[in-house]
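Keep in mind that this is a model prediction, so the values were computed, not measured. We use all heavy atoms of the structure for the numbers below, so side chains are in, but hydrogens, waters and symmetry mates are not.
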Amino acid sequence: MLDSLSAQTIMPYEAIFVDNGSVDNSHNIVDAYIGKLQERGCLAINLTCSRQGAAAARNAGWRISRAEYIYFFDSDDRLSPNFFEWANQKVNTCQPSELYVIISRILLANGKFISRKHGFSPRACFQIISPYLTTQTMIIHRSLLEKVGGWNPALKFWDDWELGYRLLKASPSIDYDKSHAWHSLFAHPDSITGNGHASRSVSILRTLQQVEELINQHPRRDSLDLIALHYRIHIMAGRLIYESCPEGASNLLKNFPLSPLSPLNKFTCHLLKQYTSHGGRGAWVIAWGMLKIQSILHRK
């Protein structure tokens, strides 16, 4: 992360580092880097946040920021050297947007890169199925973050997925740039991204319940949001079964009965779960396609 930031062709207005309870030497390492950033005109701060969790740390950072636009950046991330140069040009246009969406890719342990199989959609139901808005793919106007209440510190997993849903439901002006993968994330067992879901099944359930509440409480409730949520729940249940965590899958399913759905969507949910539980890959793409068809039919 630090080398990636130091290599930028132009510096951001400010850089806020948040120590969220580290027990190694990372705080001192950041202190050493801050001087280099300040020499290049960047207002750099090394902040300590006593409340545990990535969401709490991010809230602590952006709330003391003086910048108009906020970008979140984790310790296992790498940016293209000209990212902030590009971003500066974007936000200083005649008609700047409230939300800028960029492409990100994940670097696996075997050295291969993977990225989303589909493009970004501003409709929130597609964020539920397979989140395009993640921590590193959003440049957010400060007023938009304030409007939606920032990150939810009660959530320990998929907090960026939940924030992305709230951002889209706020109907912001959006600029989606697909010209270049500006960001890379390194997936490893100790990263926030992690490699599995079984150990996080309780946190996953809590986040899914939170999004269900948001769907039901929204004044302009979209039926496709609920369908998408059930698709995601059944894909995740299948994944937990595949990871030898049937109790986690059972707990998910009993908390989200299928009664609100049509027979076709109930069948699709069962199919997604069975397919994923046997190691099937690409269930997100199948669910995305099913939802896309229904969204087209809803417009007619």
Side-chain angles (χ1 to χ4, degrees), residues 8 10 12-16 54-55 57-74 77 79-80 82-106 115-116 118-153 155 158-185 192 207 210-211 214-215 218-220 222 224-225 228-229 288 291-292 295:
Q8 293 297 306
I10 67 168
Y13 169 70
E14 63 183 356
I16 300 174
R58 292 167 188 149
N59 278 340
W62 79 263
R63 283 176 175 152
I64 70 163
S65 169
R66 289 165 287 181
E68 185 178 5
Y69 284 90
I70 312 294
Y71 180 74
F72 297 96
F73 191 47
D74 289 334
D77 299 343
L79 289 173
S80 296
N82 58 337
F83 171 70
F84 285 112
E85 181 179 355
W86 167 85
N88 187 59
Q89 294 171 353
K90 277 284 186 179
V91 302
N92 285 299
T93 59
C94 295
Q95 292 183 315
S97 298
E98 295 173 283
L99 177 63
Y100 291 88
V101 183
I102 65 171
I103 294 176
S104 179
R105 58 183 184 169
I106 299 175
S115 56
R116 300 282 173 198
H118 51 76
F120 166 74
S121 171
R123 192 161 183 179
C125 59
F126 293 104
Q127 168 72 10
I128 293 175
I129 284 290
S130 184
Y132 205 97
L133 296 185
T134 58
T135 304
Q136 303 85 0
T137 64
M138 304 179 286
I139 303 173
I140 313 169
H141 195 277
R142 183 181 195 87
S143 63
L144 178 60
L145 259 181
E146 292 170 345
K147 180 179 180 180
V148 303
W151 297 79
N152 186 341
L155 304 179
W158 287 352
D159 49 334
D160 52 352
W161 171 67
E162 186 265 353
L163 174 62
Y165 177 76
R166 284 188 283 123
L167 289 172
L168 292 179
K169 295 304 281 190
S171 302
S173 56
I174 300 174
D175 186 316
Y176 168 46
D177 184 273
K178 57 183 179 181
S179 64
H180 180 71
W182 296 102
H183 168 270
S184 298
L185 184 152
I192 294 174
T207 307
Q210 173 63 23
V211 171
L214 293 172
I215 293 171
H218 199 277
R220 298 187 305 278
D222 188 342
L224 289 182
D225 288 1
L229 182 65
W288 175 279
L291 201 65
K292 185 68 175 179
S295 69

*Under the side-chain contact (heavy atoms from CB on, under 4.5 Å) rule, what do K169 and L214 come out as? Steps first, then yes or no, please.*
CA-CA 10 Å; K169 295 304 281 190; L214 293 172; over 6 Å; no
*Could you tell me which non-hydrogen atom of L168 sits nearest to which non-hydrogen atom of P122, and how far apart they are?*
CD2-O, 3.7 Å
*Nearest heavy-atom neighbours spanning S80 and H180*: OG-NE2, 3.1 Å
*Any luck finding a side-chain donor-acceptor pair between S143 and E98 under 3.5 Å?*
no
*Working for side-chain contact (heavy atoms from CB on, under 4.5 Å), residues R58 and D74*: CA-CA 10 Å; R58 292 167 188 149; D74 289 334; 3.0 Å; yes
*Indicate the atoms forming the closest heavy-atom contact of Q127 with W161, along with that distance.*
O-NE1, 3.0 Å
*Step by step, work out the side-chain contact (heavy atoms from CB on, under 4.5 Å) result for R123 and L224.*
CA-CA 10 Å; R123 192 161 183 179; L224 289 182; 3.3 Å; yes
*Is any side-chain heavy atom of E68 closer than 4.5 Å to a side-chain heavy atom of V91?*
no
*If a pair satisfies salt bridge (charged side-chain N to carboxylate O under 4.0 Å, His left out) and one of its residues is in residues 134-146, list it, with sequence neighbours excluded.*
R142-E146
*Short side-chain to backbone donor-acceptor contact, Y71 and M138, under 3.5 Å*: no
*Determine, step by step, whether W86 and I102 satisfy the side-chain contact (heavy atoms from CB on, under 4.5 Å) criterion, reporting the C-alpha distance in whole Å, the side-chain angles of both residues, the deciding distance to 0.1 Å, and the verdict.*
CA-CA 11 Å; W86 167 85; I102 65 171; 3.4 Å; yes
*What closest approach, in Å, do A228 and C125 show between heavy atoms, and which atom pair accounts for it?*
CB-O, 3.3 Å
*List in chain and number order the residues that pass ring-ring contact (aromatic ring centres under 6.0 Å, His included) with F73, two or more places apart in sequence or in another chain; answer none if no residue qualifies.*
none
*Parallel, tilted or perpendicular: which fits the ring planes of F72 and W151, with parallel below 30° and perpendicular above 60°?*
perpendicular
*If you look at every heavy atom in A67 and S65, which pair is closest and at what distance?*
N-OG, 3.0 Å
*With sequence neighbours left out, write down each residue that passes salt bridge (charged side-chain N to carboxylate O under 4.0 Å, His left out) with K292, or none if nothing qualifies.*
none
*asked:* Just verifying a value: how many Å separate T135 OG1 and L163 CG, rounded to the nearest 0.5 Å?
replied: 8.0 Å
_I128 side, atom CD1; L291 side, atom CG - distance, nearest 0.5 Å_ = 8.5 Å
*Would you confirm whether Q89, through its side chain, and F84, through its main-chain N or O, come within 3.5 Å as a donor-acceptor pair?*
no
*Side chain to side chain, P96 and Y69, heavy atoms closer than 4.5 Å*: yes
*Name the orientation class of the two ring planes belonging to Y132 and Y176 (parallel below 30°, tilted from 30 to 60°, perpendicular beyond 60°).*
perpendicular
_Could you measure the distance from the CG atom of D160 to the OG1 atom of T137? Nearest 0.5 Å is fine._
8.0 Å
_Distance (rounded to the nearest 0.5 Å) between Q210 CD and D159 CG_ = 11.5 Å
*Minimum heavy-atom distance between G61 and I16, given as atom pair plus value*: O-CD1, 3.3 Å
*Between atom CD of E85 and atom CD1 of I10, what is the distance when rounded to the nearest 0.5 Å?*
5.5 Å
*Nearest 0.5 Å, what's the OG-CD1 distance between S121 and I129?*
11.5 Å
*Steps toward salt bridge (Lys or Arg N to Asp or Glu O under 4.0 Å) verdict (R220, D225)*: CA-CA 11 Å; R220 298 187 305 278; D225 288 1; over 6 Å; no
_Under 3.5 Å donor-acceptor, W182 side chain and L79 backbone_ = no
*Do F120 and L133 come within less than 4.5 Å of each other through their side chains, counting heavy atoms only?*
yes
*How are the rings of F126 and W288 set to each other: parallel, tilted or perpendicular (split at 30° and 60°)?*
tilted
